[in-house]
Amino acid sequence: MSREEFESLVSDALDQIPPQLAAMMDNVAVFVEDEPDPATPELLGLYEGTPLTERGEWYAGVLPDRIIIYRGPTLRLCDTAELVVDEVRTTVIHEVAHHFGFDDRELHELGWS
């Protein structure tokens, strides 16, 4: 799958976020990168930033949070294009949920890990 096709899947997954939640996303940018840090070669996605639930009066003038979706590990994990679509959707939702303050335990309990 080409990078452009993969980026389109990420965009489609973001478009599936309910409008009320998408409107609440604040100061966050989403990127596609080919590979994660070599120390975590199987990482499918990453949220870097301060979740909305932890922001206070001090939160101003900061760089945007980052959501990164990794193409290489996702493609290696999935045997079919359909599985890639499902995994990208799950990974995007998982990382967006971190932006909203959900931790990995909560996401696992909800079936988004």
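Keep in mind it's a predicted model, so treat the numbers as computed, not measured.
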Carefully, step by step, assess Asp104 and His94 under the rule side-chain hydrogen bond (donor to acceptor under 3.5 Å, both in side chains). CA-CA 8 Å; Asp104 282 329; His94 180 102; 3.1 Å; yes
Work out which heavy atom in Ile17 is nearest to a heavy atom in Ala22; give both atom names and the distance. CG2-N, 3.8 Å
Return the minimal non-hydrogen interatomic distance between Asp65 and Arg55, and the atom names on each side. OD2-NH2, 2.6 Å
Do the non-hydrogen side-chain atoms of [X] and [Y] ever get within less than 4.5 Å of each other?
X	Y	value
Met25	Phe100	yes
Ile69	Glu7	no
Pro73	Glu35	yes

Using a distance-only test with no angle check, is there a side-chain donor-acceptor pair under 3.5 angstrom linking Glu87 and Thr91? yes
Do [X] and [Y] share a hydrophobic cluster, counting only Ile, Leu, Val, Met, Phe, Trp and Tyr and linking them when any side-chain heavy atoms are less than 4.5 Å apart?
X	Y	value
Phe6	Leu44	no
Phe102	Leu46	no
Val28	Leu21	yes
Ile68	Val96	no
Leu43	Leu75	no

Let me confirm one number: the CG-CD1 distance from Leu14 to Ile93, rounded to the nearest 0.5 Å. 9.5 Å
So CG of Leu52 and NE2 of His99: to nearest 0.5 Å the spacing works out to 3.5 Å
Should the pair Asp12-Arg89 be classified as a salt bridge under the 4.0 Å nitrogen-to-oxygen rule? no
Hey, is Glu33 close enough to Arg3 for a salt bridge, meaning N to O under 4.0 Å? no
Is the NZ or CZ atom of Arg66 positioned over Tyr47's six-membered ring, under 6.0 angstrom from the centre and within 45° of the axis? no
Kindly say whether [Y] contributes a backbone atom to a donor-acceptor pair with the side chain of [X] at under 3.5 angstrom?
X	Y	value
Thr74	Tyr70	yes
His98	Ile67	no
Glu95	Val92	no
Thr90	Asp86	yes
Arg71	Met1	yes
Glu5	Ser2	yes

Look at atom CD of Glu48 and say whether more than 12 heavy atoms of other residues, nucleotides or ligands are closer to it than 6.0 Å. yes
